[in-house]
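Below you'll find the structure, written out as structure tokens, and then a few comments.
Here the structure is a predicted model, which means the values were calculated and not measured. All heavy atoms count here, side chains included; hydrogens, waters and symmetry mates do not.
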Amino acid sequence: MQRQKSFIDAKPTLYLVPTPIGNLEDMTFRAIKTLQTVDYIAAEDTRVTKKLCNHFEIATPLVSLHEHNEWQKREWVINQLQQGKNIALVSDAGMPCISDPGVQLVEAVLAHNLPVVPLPGANAALTALIASGLTPQPFYFYGFLAHKKSEKKKQLAQLEPLATTLVFYESPHRIKETLQLMLDGFGDRRIVLARELTKKFEEFLRGSISEVLEECDGLKGEMVIIVEAGSGAQADIWWEAYNVSQHVEHYIDQGMMTKDAIKQAAVDRQVPKKIIYSEYHQL
Ligand code: SAM
């Protein structure tokens with residue numbers, strides 16, 4: 001159990017500071033003041049943050065903290081906090097930690113019993129959701145799907161029965177493939193593709209998946225996909241009455257190699273492959 005009183009026991013703090021997702025006017029007064037007054041700004045890409053700092057006359061030193069050095073940089077940040085310094089974490093755009101670096105740092109700082117104070121601000125998922133016209137509660141923020149098609153298919157199959165609005169981030173290079181897989185896996189549900197939010201070419205495509213898919217050729221820019229909730233009905237789990245051996249043998253009977261049958265049964269049951277392997281081979 002840990003109790004943090006953010007503004008009463010003033011201690012050196014890690015501030016999580018959102019930055020604009022396209023429109024500089026979305027920077028809050030508090031975000032600017034925090035970035036001006038901390039001792040260091042840990043930034044995903046210091047070149048991107050330097051431009052923001054120049055615009056808002058923020059002269060605080062920048063240090064780099066990105067997905068490849070976050071693990072090592074945690075030590076440095078904790079050390080600075082322990083020496084009484086305040087640090088702000090920013091990503092290139094939007095909220096740190098949301099499909100962006102920061103999660104490991106936050107965990108480490110909390111593990112050292114040091115305060116983490118979040119600032120509200122720009123975020124692509126929520127900005128798209130509130131204008132989608134789809135029910136915003138409950139919603140499931142998924143972020144980016146896997147790049148690999150087979151993995152993406154599996155992820156979508158797991159999401160299909162959920163009775164919650166779904167929120168995804170996607171790149172323009174993969175949007176057509178992703179929408180096609182959504183159409184195959186979800187049926188022709190209502191979706192909203194929100195593009196270039198807060199920027200000059202902000203656009204919402206609201207319609208069925210097939211309608212939006214038709215308009216997707218050549219679409220560029222940053223994108224959020226909001227998908228209407230599923231019915232909540234669980235798909236028929238045909239293997240439910242089978243034990244593990246029967247489940248694996250069902251696939252072998254269909255012509256799969258044993259190792260592939262084990263792998264598929266593990267996917268169906270959402271358990272590690274080694275569990276199915278041991279049970280099947282009675283190890
Ligand atoms: N941390 C960010 C946030 O709070 O929204 C998200 C960072 S993630 C690396 C970048 C993805 O967010 C983009 O690929 C896109 O899917 C989405 N995104 C960011 N800015 C956007 C914008 N202006 N319009 C639409 N989507 C955006």
Side-chain angles (χ1 to χ4, degrees), residues 3-66 70 73 76-78 80-81 83-110 114-132 136-137 139 141 143 167 169 194-204 221-224:
R3 192 164 179 174
Q4 170 187 314
K5 288 185 185 289
S6 298
F7 304 110
I8 294 174
D9 317 322
K11 278 192 194 162
T13 295
L14 174 68
Y15 294 94
L16 304 178
V17 181
T19 55
I21 55 170
N23 189 327
L24 284 177
E25 293 183 9
D26 293 329
M27 191 72 177
T28 68
F29 292 122
R30 188 174 163 213
I32 297 171
K33 194 169 156 198
T34 303
L35 295 183
Q36 282 170 336
T37 53
V38 290
D39 296 288
Y40 293 101
I41 301 170
E44 183 182 7
D45 183 337
T46 52
R47 291 162 305 180
V48 172
T49 305
K50 186 76 197 151
K51 285 186 198 149
L52 184 83
C53 288
N54 289 343
H55 185 86
F56 290 106
E57 298 179 356
I58 297 164
T60 309
L62 297 174
V63 295
S64 133
L65 190 146
H66 47 72
E70 185 173 350
K73 272 289 163 65
W76 181 85
V77 171
I78 287 159
Q80 295 299 319
L81 293 168
Q83 288 177 40
K85 308 281 192 212
N86 288 300
I87 310 238
L89 175 69
V90 299
S91 62
D92 289 352
M95 293 209 162
C97 303
I98 300 295
S99 298
D100 264 341
V103 180
Q104 294 175 1
L105 180 65
V106 169
E107 269 177 25
V109 170
L110 294 177
L114 293 159
V116 174
V117 170
L119 273 65
N123 165 255
L126 290 179
T127 306
L129 181 65
I130 57 173
S132 66
Q137 286 100 219
F139 77 91
F141 172 67
V167 183
Y169 287 161
R195 200 172 68 84
E196 293 291 87
L197 290 162
T198 78
K199 304 182 201 176
K200 183 173 176 192
F201 296 108
E202 176 178 291
E203 183 180 32
F204 292 88
E222 299 193 280
M223 298 172 176
V224 179

Gap between atom [atom2] of [Y] and atom [atom1] of [X] - 0.5 Å precision:
{"X": "Asn123", "Y": "Phe141", "atom1": "CG", "atom2": "CZ", "result": "7.0 Å"}
{"X": "Lys51", "Y": "Thr46", "atom1": "NZ", "atom2": "OG1", "result": "11.0 Å"}
{"X": "Thr37", "Y": "Tyr15", "atom1": "OG1", "atom2": "OH", "result": "7.0 Å"}
{"X": "Gln80", "Y": "Ile78", "atom1": "CD", "atom2": "CD1", "result": "11.5 Å"}
{"X": "Leu89", "Y": "Leu35", "atom1": "CG", "atom2": "CG", "result": "10.0 Å"}
{"X": "Phe7", "Y": "Thr13", "atom1": "CZ", "atom2": "OG1", "result": "8.5 Å"}

What's the shortest heavy-atom distance between [X] and [Y], and which atoms?
{"X": "Cys53", "Y": "Leu62", "answer": "SG-CD2, 4.2 Å"}
{"X": "Gln4", "Y": "Pro115", "answer": "OE1-CA, 3.5 Å"}
{"X": "Asp100", "Y": "Val103", "answer": "O-CG2, 4.5 Å"}
{"X": "Ser64", "Y": "Lys73", "answer": "O-NZ, 2.8 Å"}
{"X": "Leu52", "Y": "Met27", "answer": "CD2-CE, 4.0 Å"}
{"X": "Arg30", "Y": "Pro118", "answer": "NH2-O, 4.1 Å"}

*Give the intermediate values and the outcome of side-chain contact (heavy atoms from CB on, under 4.5 Å) for residues Leu110 and Val116.*
CA-CA 7 Å; Leu110 294 177; Val116 174; 3.6 Å; yes
For residues [X] and [Y], determine if any side-chain heavy atom of one lies less than 4.5 Å from a side-chain heavy atom of the other.
{"X": "Leu65", "Y": "Trp76", "value": "no"}
{"X": "Asn86", "Y": "Asp39", "value": "yes"}
{"X": "Pro12", "Y": "Lys85", "value": "no"}
{"X": "Ile130", "Y": "Pro136", "value": "no"}

*Okay, side chain of Glu70, backbone of Pro101: is any donor-acceptor separation there less than 3.5 Å?*
no
_Side chain Asp92, main chain Asp45, donor-acceptor under 3.5 Å_ =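 Indeed, once roles are kept as given, a pair shorter than 3.5 Å links the two residues.
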Let me have the donor-acceptor pairs involving side chains of residues 194-204, under 3.5 Å, with sequence neighbours excluded, atom names and distances please.
unit_1: Arg195; atom_1: NE; unit_2: Glu203; atom_2: OE1; d: 2.9
unit_1: Arg195; atom_1: NH1; unit_2: Lys220; atom_2: O; d: 2.6
unit_1: Arg195; atom_1: NH2; unit_2: Glu203; atom_2: OE1; d: 2.9
unit_1: Glu196; atom_1: OE1; unit_2: Lys199; atom_2: NZ; d: 3.3
unit_1: Glu196; atom_1: OE1; unit_2: Glu222; atom_2: N; d: 2.8
unit_1: Thr198; atom_1: OG1; unit_2: Asn23; atom_2: N; d: 3.2
unit_1: Lys199; atom_1: NZ; unit_2: Glu222; atom_2: OE1; d: 3.0
unit_1: Glu202; atom_1: OE1; unit_2: Thr198; atom_2: N; d: 2.6

*asked:* Surrounding CD of Glu57 (heavy atoms of other residues, nucleotides or ligands, distance under 6.0 Å), is the total greater than 12?
replied: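 It does not: Glu57 CD has 12 such atoms or fewer within range.
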*Apply the test side-chain contact (heavy atoms from CB on, under 4.5 Å) to residues Phe139 and Leu126: give CA-CA distance (whole Å), side-chain angles for both, the deciding distance (0.1 Å), then the verdict.*
CA-CA 10 Å; Phe139 77 91; Leu126 290 179; 3.7 Å; yes
*asked:* Please evaluate residues Ile41 and Ile58 with respect to the criterion side-chain contact (heavy atoms from CB on, under 4.5 Å), reporting the C-alpha separation (whole Å), side-chain torsions for both, the decisive distance (0.1 Å), and the verdict.
replied: CA-CA 10 Å; Ile41 301 170; Ile58 297 164; 3.9 Å; yes
